Amino acid sequence: MAKKKRLRLIAEMARKIRAYRELKSRPRESQKYALDYETMRRPLTGKMLPVLAWQDVRRESRLFSLLAGMRLFGVGRMFTRKSWLEDHPEPSYWQITKIKVDYTAENMDHGRAWGTLTYKGKQESEVKEVEKVMYHDWRLIPKDMEQQFRDFQPLPEPPVRYAPYPPLLRAMLLAQRGKAGGSTVTEEPALPLKRDVVLNKGYFRREEQERQRKEGTAV
């Protein structure tokens, strides 16, 4: 008969207490991302922000700085980032679906957010946590422009016409090019997936001659 496993109630309770204390001792969002705007350092870690980010820190807003002053903390609204507007012609934005505010923050301008991401015009179906909410480059999309962002239709992706060679064959081709040219060739060898055939009279004549050669001449 198998021996029953003995329940160690005190040890299990001690484990839960340690996990609870560890959870409570973790720094909150307002502590992790607090910033001294005079020295551009985070008090918790003492790290200084990159110099290139100082201008955006003084001019732009964090996501929760915008959410804190909105009805229902901006749930249902759309937000984009300055870097996306500058780098991509296609619309990229988050639509907020859930907010978890850090109520210990002085202005309740820290926390975590979840939503659906549309990046370069392609919308993702699953809801996930919004990344980089502490960055100072978030912007609210006005309501009269939301439909314009939603109506964007991404261009179809062009068909794949070339594929990379297998590693060994690629190395052999590059070695042959180096011997033939005597210099380093930077063009990457690619294998065409579609063969372009010029359908002219000479092509059909060669096909007919090849067929007759294989079948033989009728007697």
Side-chain angles (χ1 to χ4, degrees), residues 32-33 45 47-57 60 62-63 78-98 112-139 141 146 148-219:
K32 285 195 297 184
Y33 302 122
T45 60
K47 293 183 178 180
M48 180 182 291
L49 294 184
V51 178
L52 296 178
W54 289 8
Q55 184 176 359
D56 285 343
V57 169
E60 304 293 335
R62 292 180 294 106
L63 177 60
M78 296 162 54
F79 295 84
T80 186
R81 296 178 58 189
K82 174 188 173 185
S83 55
W84 290 347
L85 295 174
E86 293 177 348
D87 297 342
H88 313 306
E90 305 89 356
S92 300
Y93 58 89
W94 282 93
Q95 184 165 13
I96 304 300
T97 58
K98 178 184 174 183
R112 300 168 66 187
W114 289 262
T116 54
L117 173 64
T118 300
Y119 188 68
K120 292 186 178 180
K122 298 179 181 178
Q123 183 179 2
E124 298 183 5
S125 58
E126 61 178 8
V127 176
K128 59 182 182 180
E129 186 173 358
V130 181
E131 300 175 347
K132 302 177 181 179
V133 296
M134 79 295 297
Y135 280 33
H136 290 74
D137 68 341
W138 288 91
R139 294 183 179 180
I141 299 176
E146 288 184 353
Q148 180 181 348
F149 275 72
R150 291 194 184 101
D151 292 343
F152 177 83
Q153 295 294 333
L155 296 175
E157 296 184 357
V160 179
R161 299 185 181 276
Y162 296 92
Y165 277 95
L168 181 58
L169 187 56
R170 173 182 174 275
M172 294 171 61
L173 289 174
L174 292 177
Q176 290 178 359
R177 287 184 182 181
K179 291 180 180 179
S183 59
T184 305
V185 181
T186 58
E187 183 181 356
E188 184 69 21
L191 181 66
L193 300 179
K194 182 179 179 181
R195 182 182 176 185
D196 296 327
V197 179
V198 181
L199 301 179
N200 51 21
K201 293 182 179 180
Y203 171 78
F204 290 106
R205 189 180 297 111
R206 288 192 299 271
E207 289 291 317
E208 182 66 21
Q209 292 175 357
E210 183 68 18
R211 185 181 63 81
Q212 291 179 359
R213 187 182 64 83
K214 290 182 179 180
E215 295 179 358
T217 307
V219 179

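Not measured: the values here are computed from a predicted model.
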Taking the side chain as everything from C-beta on, heavy atoms only, tell me whether [X] gets closer than 4.5 Å to [Y].
{"X": "R139", "Y": "E60", "result": "yes"}
{"X": "W138", "Y": "V130", "result": "yes"}
{"X": "K82", "Y": "H136", "result": "no"}

Smallest separation among heavy atoms of [X] and [Y], with atom names:
{"X": "T97", "Y": "G115", "answer": "OG1-CA, 3.4 Å"}
{"X": "S92", "Y": "T80", "answer": "O-OG1, 2.7 Å"}
{"X": "T116", "Y": "V127", "answer": "CG2-CG2, 3.8 Å"}
{"X": "M48", "Y": "W54", "answer": "SD-CZ2, 3.7 Å"}

Quiz prompt | Sequence neighbours excluded - side chain to side chain donor-acceptor pair (under 3.5 Å) pairs with any residue from residues 158-168 | solution =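 Non-adjacent pairs meeting side chain to side chain donor-acceptor pair (under 3.5 Å): zero.
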Could you tell me the separation between the [atom1] atom of [X] and the [atom2] atom of [Y], rounded to the nearest 0.5 Å?
{"X": "L169", "Y": "L191", "atom1": "CG", "atom2": "CG", "answer": "8.0 Å"}
{"X": "W84", "Y": "Y93", "atom1": "CH2", "atom2": "OH", "answer": "11.0 Å"}
{"X": "F149", "Y": "T118", "atom1": "CZ", "atom2": "OG1", "answer": "10.5 Å"}
{"X": "R150", "Y": "M78", "atom1": "CZ", "atom2": "CE", "answer": "5.0 Å"}
{"X": "R206", "Y": "R213", "atom1": "CZ", "atom2": "CZ", "answer": "14.0 Å"}
{"X": "K98", "Y": "E129", "atom1": "NZ", "atom2": "CD", "answer": "9.5 Å"}

Practice problem: Apply salt bridge (charged side-chain N to carboxylate O under 4.0 Å, His left out) to E90 and list each qualifying residue two or more places apart in sequence or on a separate chain. | Solution: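 Partners of E90 by the salt bridge (charged side-chain N to carboxylate O under 4.0 Å, His left out) criterion come out as none, since no residue qualifies.
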Practice problem: Kindly write out the residues that satisfy salt bridge (charged side-chain N to carboxylate O under 4.0 Å, His left out) with K132, not counting sequence neighbours, or none if the list is empty. | Solution: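 With neighbours one apart ignored, the set is empty.
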Exercise. Could you tell me whether R205 and E208 make a salt bridge, using a distance below 4.0 angstrom between a side-chain N and a carboxylate O?
Key: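 Salt bridge flag = no for E208 with R205.
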Practice problem: Using ring-ring contact (aromatic ring centres under 6.0 Å, His included) as the criterion, list what pairs up with Y135, not counting sequence neighbours. | Solution: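 ring-ring contact (aromatic ring centres under 6.0 Å, His included) check on Y135 returns nothing, list empty.
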Quiz prompt | Which residues share a side-chain contact (heavy atoms from CB on, under 4.5 Å) with S125, sequence neighbours left out | solution =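 With neighbours one apart ignored, the set is empty.
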Self-check item: Contacts of type side chain to side chain donor-acceptor pair (under 3.5 Å), residue E124, not counting sequence neighbours
Solution: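 Scan of E124 (side chain to side chain donor-acceptor pair (under 3.5 Å), adjacent residues dropped) gives K128.
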